[in-house]
Amino acid sequence: MLPIFLAIGLAPLLVSAQLSGSVGPTTSYADKASNKICNVLDYGAVADKSTDVGPAISSAWDECKDGGVVYIPSGDYALESWVTLTGGSSCAINIDGILYRTGTDGGNMIFIEHTTDFELFSSTSEGAVQGYGYEFHVDGSLSGPRILRLYEVVDFSVHDLALVDSPAFHFSLDTCENGEVYNMIVRGGNSGGLDGIDVWSTNIWVHDVEVTNKDECVTVKSPAQNILVESIYCNWSGGCAMGSLGSDTNISDITYRNVYTWSSNQMYMIKSNGGSGTVANLLLENFIGHGNAYSLDIDQAWSSMSTLEGDGVQLNNITINNWKGTEQKGSQRGPIKVNCAEDVPCTEITIDDFAMWTEEGSYQWYGCENAYGEGACLHSGDEYTSYTTTTTVSVAPSGYSAPTMPSDLSTGFATDSSIPIPTIPTSFYPGLTPISALASASATATAKST
């Protein structure tokens with residue numbers, strides 16, 4: 001039976017830092033459930049892992065999208081035909097079962113668009129979508145579908161779900177507003193092109209998320225404003241990033257804090273090559289990293305993308321504060337790399353309380369190019385002339401020692417075999433309790449109290 005006593009997302013939540021207003025659904029889940037419940041089993045779904053659940057989800061959505069709950073009970077369901085769910089208002093989708101991809105089309109397995117006051121979650125914290133991406137990847141293909149995409153969704157939350165082994169990107173937030181994403185785990189193969197969470201939206205809070213893959217962990221793309229990303233566990237991943245940035249970049253007021261990165265490509269990267277526009281007001285604080293190839297990597301001549309028309313993207317008012325831990329080999333890839341465009345130098349950059357040290361060798365380097373501000377190898381002043389500076393560091397900085405996480409993976413997940421469906425963790429950053437309890441824990445507490 002659907003636990004209608006749950007009160008997840010009781011009201012939009014307003015938090016500090018970079019957010020510009022409230023986030024989350026404006027109507028409680030309990031109110032939606034008390035209005036109407038559309039159980040997919042009543043619309044032809046069968047939890048036999050072979051009957052296509054897509055049509056049943058679409059039919060249930062049509063009945064409940066104007067003020068109700070689409071409910072997918074516990075069980076194993078085949079998803080052969082993709083679902084495009086549009087025009088919802090004051091509604092929710094509760095996925096307590098596991099959806100297994102059996103279709104082969106491209107596009108988006110689950111696509112929510114033009115919807116307001118919306119919640120997508122699992123009340124048991126055991127719901128999942130298994131993309132079986134390895135069936136594509138074993139042949140070297142990344143042309144399969146994304147698992148989840150939201151487009152023009154306003155006042156929403158997505159939480160307590162596992163997204164596993166997507167053939168392509170796992171979760172995209174495209175032109176959305178006032179959203180909260182939390183208590184999620186993304187498990188992808190050890191390959192590029194399998195992004196975890198990509199955000200190009202306004203007023204979005206992403207927190208308490210674990211990502212495994214070998215590409216983007218949680219990444220902001222253009223355009224984006226007022227994004228808060230915190231308590232993120234990049235566990236054998238590509239690491240968090242911004243970009244790739246291109247023409248007419250428009251990104252401002254972004255905060256990443258309490259980010260733990262293990263055995264990933266980088267702790268944080270801003271990547272571009274040519275292009276235009278601006279990135280302003282970025283805060284990267286309380287980062288812990290171990291075993292990563294790069295630490296701080298700002299590269300405006302990124303060789304992995306073709307050079308675009310334009311002098312470069314203007315980066316202004318960026319603060320890097322309280323970074324601790326170790327990098328793989330500091331003599332090869334120094335923990336500070338700030339490489340800015342000659343014709344559009346980076347300005348008002350601050351690097352403070354930065355203590356990273358190499359795991360191999362006895363020295364590391366900091367490299368800055370056309371970057372102005374305070375700290376490390378940055379140049380001060382307001383006369384912006386072209387320069388390149390490399391500083392060799394042969395003494396470990398004080399205070400670089402930092403804790404690890406007990407769930408750090410010893411290897412990534414293969415691209416030629418199925419990835420197991422994980423449980424959602426209860427810790428995403430050393431020493432921090434998640435901001436919101438798991439839905440399953442909330443439901444148990446509510447049941448006991450009643």
Side-chain angles (χ1 to χ4, degrees), residues 18 142 146 168-176 188 191-202 204 206 211 213-229 232 234 237-256 259 261 264-284 287 289 292-320 333 336-347 349 367-371:
Q18 296 302 83
L142 294 172
R146 307 174 189 88
F169 295 177
H170 287 79
F171 184 12
S172 295
L173 290 165
D174 179 354
T175 321
C176 297
S191 169
L194 305 177
D195 294 15
I197 300 178
D198 290 337
V199 183
W200 57 103
S201 293
T202 301
I204 304 294
V206 181
V211 176
N213 56 3
K214 211 59 178 174
D215 211 311
E216 316 291 13
C217 182
V218 179
T219 290
V220 170
K221 298 180 181 293
S222 178
Q225 285 79 39
N226 300 105
I227 311 294
L228 173 59
V229 180
I232 303 299
C234 302
S237 170
C240 290
M242 179 177 290
S244 304
L245 304 178
S247 300
D248 302 318
T249 295
N250 182 13
I251 297 176
S252 64
D253 300 301
I254 312 295
T255 289
Y256 280 75
V259 176
T261 309
S264 299
N265 295 348
Q266 76 272 336
M267 293 169 68
Y268 199 87
M269 182 179 190
I270 302 175
K271 48 189 177 178
S272 63
N273 193 344
S276 60
T278 61
V279 172
N281 309 331
L282 170 64
L283 174 62
L284 308 172
F287 276 56
N292 304 296
Y294 291 91
S295 302
L296 173 65
D297 186 6
I298 299 175
D299 191 347
Q300 292 199 285
W302 191 44
S303 60
S304 293
M305 67 179 290
S306 299
T307 303
L308 302 177
E309 184 177 350
D311 293 333
V313 178
Q314 173 68 64
L315 307 183
N316 180 69
N317 190 22
I318 297 175
T319 299
I320 297 97
R333 302 182 184 95
I336 295 178
K337 175 185 174 185
V338 186
N339 178 11
C340 300
E342 180 177 359
D343 293 330
V344 188
C346 302
T347 57
I349 312 298
C368 293
E369 185 171 347
N370 307 317

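Note that the coordinates shown come from a computational prediction; the quantities given were computed from them, not determined experimentally.
- Side chain of D297 to backbone of Q266: no donor-acceptor contact under 3.5 angstrom is found.
- Judged by distance alone, with hydrogens and angles left aside, the side-chain atoms of S237 form a donor-acceptor pair with the main-chain N or O of G239 at under 3.5 Å.
- The nearest pair of heavy atoms linking A224 to I227 is CB-CG1, 4.2 Å.
- Considering only heavy atoms from C-beta on, C217 comes within 4.5 Å of I232 through its side chain.
- The CD1 atom of I251 sits 4.5 Å away from atom CE of M242, with the distance rounded to the nearest 0.5 Å.
- Residue L194 comes nearest to H170 through the heavy atom pair O-ND1, 3.5 Å, listed as atom of the first residue, atom of the second, then distance.
- With a 4.5 Å cut-off on side-chain heavy atoms, D195 and K221 count as touching.
- The closest side-chain heavy-atom distance from Y294 to N265 is not below 4.5 Å.
- One distance of note links CH2 of W200 with OG1 of T175; it measures 7.5 Å at 0.5 Å rounding.
- A donor-acceptor contact shorter than 3.5 Å links the side chain of D299 to the backbone of A301.
- To the nearest 0.5 angstrom, S252 atom OG is 4.5 Å from Q225 atom CD.
- A distance-only check finds no donor-acceptor pair linking the side chain of T249 to the backbone of V313 [under 3.5 Å].
- Between I349 and I320 there is a side-chain heavy-atom pair separated by less than 4.5 Å.
- Of the possible polar contacts, none joining the E309 side chain to the S276 backbone as a donor-acceptor pair under 3.5 Å is found.
- The side-chain contact (heavy atoms from CB on, under 4.5 Å) test with L315 singles out one residue from T347, V344, I298, and that residue is I298.
- The two residues C340 and N370 make their nearest non-hydrogen contact at O-ND2, 3.0 Å.
- In this structure, L284 CG and T255 OG1 are separated by 8.5 Å, a value rounded to the nearest 0.5 Å.
- Classified by interplanar angle (parallel below 30°, tilted 30° to 60°, perpendicular above 60°), the ring pair Y256/F287 is tilted.
- L245 approaches M305 most closely through the heavy-atom pair O-CE, 3.7 Å.
- Separating the OG1 atom in T202 from the CG atom in L173 is a distance of 11.5 Å, to the nearest 0.5 Å.
- For D253, the side-chain contact (heavy atoms from CB on, under 4.5 Å) partners are Q18, N226, N281, not counting sequence neighbours.
- For the side-chain contact (heavy atoms from CB on, under 4.5 Å) test, residues two or more places apart in sequence or in another chain that qualify with T278 are Q314.
- Between the side chain of D343 and the backbone N or O of D311 there is no donor-acceptor pair closer than 3.5 Å.
- The SG atoms of C234 and C240 do not sit under 2.5 Å apart.
- Applying the ring-ring contact (aromatic ring centres under 6.0 Å, His included) test to F169 and every residue at least two apart in sequence or in another chain returns nothing.
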Under the side chain to side chain contact (heavy atoms under 4.5 Å, CB included) criterion, do D198 and E216 qualify, and how do the steps go? CA-CA 8 Å; D198 290 337; E216 316 291 13; 3.9 Å; yes
Would you check, one step at a time, whether the test side chain to side chain contact (heavy atoms under 4.5 Å, CB included) holds for V220 with L282? CA-CA 11 Å; V220 170; L282 170 64; over 6 Å; no
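- In terms of heavy atoms, S222 sits closest to D248 at OG-O, 4.1 Å.
- A distance of 9.0 Å separates SG in C346 from CG in N316, rounded to the nearest 0.5 Å.
- Taking each heavy atom of Q300 and A341 in turn, the nearest pair found is OE1-N, 3.1 Å.
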